Asks: 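This is the structure, below, for whatever I ask next.
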Amino acid sequence: MNLLDGKFLAQQIKDELKTAVESIRVQGGKIPHLAAVLVGEDPASQAYVRNKVRSCEEVGFGSTLIRKEADTTEAELLSIVAQLNADPEIDGFIVQLPLPKHIDENKVTLAIDPRKDVDGFHPVNFGRMAQGLPAYLPATPFGILEMLRRYDIPTQGKEVVVIGRSNIVGTPMSILLSRKGNPGDATVTICHSRTRDLAEHARRADILIVAIGRTEMVTADMVKPGAGVIDVGMNRVDDPALPKGYRLTGDVDFQAVAPKASWITPVPGGVGQLTVMALLMNTLKAARSEVFG
Ligand code: GUN
């Protein structure tokens, strides 16, 4: 079994981004600048956003963090989005999800200028992705494509089973891998909470991608011997014995599945590491006007 090392790849990409920033600096170009908006106190969201801002600093990007109280109104948030849309210093920005219940996430996503939508959540970017046009790809699927590419894992003609149909991971992942190209050209099945006999589908997979958000739900009997396994899960499980009071687990029972797989991504240290790098790669594209010209 091979472990796909997200940490190693993230460092490789970080070094490439640093070099790109250096070359922009030498040529007197615009240094990429990412803004992140965080509403409320959700601990996981705070950690994700901190990580995004820290990664910007590490590669030499500009970064702006806008923190708002949980009782921020939808109108206030929409006004922040409008300001970021209009600010020429900001190349791309994200509004961290989930938002407090009183704010309509769709309305906020639609308000983001697609040219600055480095999360790739706006329907314009989603549509462009689906049609194979230049687009900001959502960070997690983009990170997974990068992992497949850099480990030279063939996908052409493979049976790929994606478990989970979210707008930000499962659905775009299934589209990207079924499209023409490399990675791509796979035969993709998408499974979800209403799928009959999930295990039966999962067992057919040459490559199994799990993004369902349920701790260790994929067990060894659901994996074909020699399959590749990508675990997108990032679940916090209470563990009073640890200093933080919790541990991170994936959606795959790693201990049981790893010996059966030909390769697998760990949690932590797998896909999550690349998600942030994908966001930074999108921000670099935004600064270079590569997607929309
Ligand atoms: N919440 C969980 N993942 C993401 C992400 O990729 N972007 C944003 N904005 N919020 C998230």
Side-chain angles (χ1 to χ4, degrees), residues 6 10 13 33-56 61 63-68 70 72 74 77-78 80-81 84-85 90-101 103-126 129 135-147 162 164-173 175-176 209-214 230-236 248 250-251 267-268 270-283 285-286:
I13 295 171
H33 192 135
L34 174 74
V37 185
L38 174 61
V39 184
E41 308 291 330
D42 178 61
S45 290
Q46 289 187 33
Y48 292 146
V49 169
R50 250 197 323 269
N51 196 6
K52 291 170 185 178
V53 170
R54 193 185 332 113
S55 299
C56 278
F61 285 10
S63 64
T64 299
L65 172 59
I66 300 172
R67 289 196 67 154
K68 302 303 284 182
T72 300
E74 187 178 277
L77 182 56
L78 288 171
I80 291 168
V81 167
L84 292 169
N85 282 341
I90 305 296
D91 298 296
F93 66 97
I94 64 151
V95 177
Q96 187 67 25
L97 305 180
L99 288 168
K101 293 277 171 286
I103 300 178
D104 181 344
E105 285 183 356
N106 286 330
K107 210 161 162 182
V108 173
T109 300
L110 281 169
I112 297 173
D113 182 341
R115 292 170 180 270
K116 294 195 176 189
D117 169 39
V118 285
D119 257 333
F121 290 175
H122 192 287
V124 164
N125 276 307
F126 195 97
M129 172 207 67
Y136 296 117
L137 303 183
T140 302
F142 186 14
I144 292 170
L145 290 186
E146 217 42 45
M147 199 165 213
V162 179
R165 58 178 162 186
S166 71
N167 285 345
I168 67 177
V169 185
T171 298
M173 195 72 254
I175 293 170
L176 288 162
I209 302 178
V210 195
I212 197 84
R214 278 177 50 197
I230 295 178
D231 187 353
V232 184
M234 188 64 76
N235 310 295
R236 288 184 176 206
L248 282 181
D251 291 348
V267 177
V271 170
Q273 297 276 333
L274 290 182
T275 297
V276 182
M277 290 307 119
L279 178 65
L280 299 192
M281 288 191 278
N282 278 344
T283 306
K285 286 184 181 178

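Note that the structure is predicted; figures quoted are calculated from it, not measured. Residue numbers count from 1 along this sequence. Each ligand, and each atom within it, is numbered from 1 in the order the structure gives.
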Asks: Using a 3.5 Å cut-off on N or O atoms only, is Y48 in polar contact with ligand 1?
Replies: no
Asks: Is there a donor-acceptor contact under 3.5 Å from the side chain of T171 to the main chain of R165?
Replies: yes
Asks: What residue and heavy atom of the protein are closest to atom 3 (N) of ligand 1, and at what distance?
Replies: I168 CD1, 3.9 Å
Asks: Any chance you could measure D117, atom CG, to F126, atom CZ, to the nearest 0.5 Å?
Replies: 12.0 Å
Asks: Pick one of side chain, backbone, both or neither for how D119 approaches ligand 1, counting any non-hydrogen atom pair under 4.0 Å.
Replies: side chain
Asks: In terms of residue, atom name and distance, what is the protein heavy atom nearest to atom 4 (C) of ligand 1?
Replies: Q96 NE2, 4.0 Å
Asks: With a 4.0 Å cut-off on heavy atoms, is E105 touching ligand 1?
Replies: no
Asks: Does R236 have more than 12 heavy atoms from other residues, nucleotides or ligands lying within 6.0 Å of its CZ?
Replies: yes
Asks: Rounded to the nearest 0.5 Å, what separation is found between the NE2 atom of H33 and the OG1 atom of T64?
Replies: 2.5 Å
Asks: How long is the straight-line distance from CD of E74 back to NZ of K107, given to the nearest 0.5 Å?
Replies: 4.0 Å
Asks: Check M234 against ligand 1 and report side chain, backbone, both or neither, counting heavy atoms closer than 4.0 Å.
Replies: neither
Asks: Measure from the side-chain N and O atoms of N125 to the backbone N and O of P114, and report whether any donor-acceptor pair falls under 3.5 Å.
Replies: yes
Asks: Any donor and acceptor pair, going by atom type alone, linking the side chain of K116 with main-chain N or O of I90 inside 3.5 Å?
Replies: yes
Asks: With a 4.0 Å heavy-atom cut-off (strictly under), which part of L279 contacts ligand 1: side chain, backbone, both or neither?
Replies: neither
Asks: Distance to 0.1 Å, residue and atom name: give those for the protein heavy atom nearest to atom 1 (N) of ligand 1.
Replies: L97 O, 2.9 Å
Asks: By number and element, which atoms of ligand 1 are closer than 4.0 Å to a non-hydrogen atom of F121?
Replies: 5 (C), 6 (O), 7 (N), 8 (C), 9 (N)
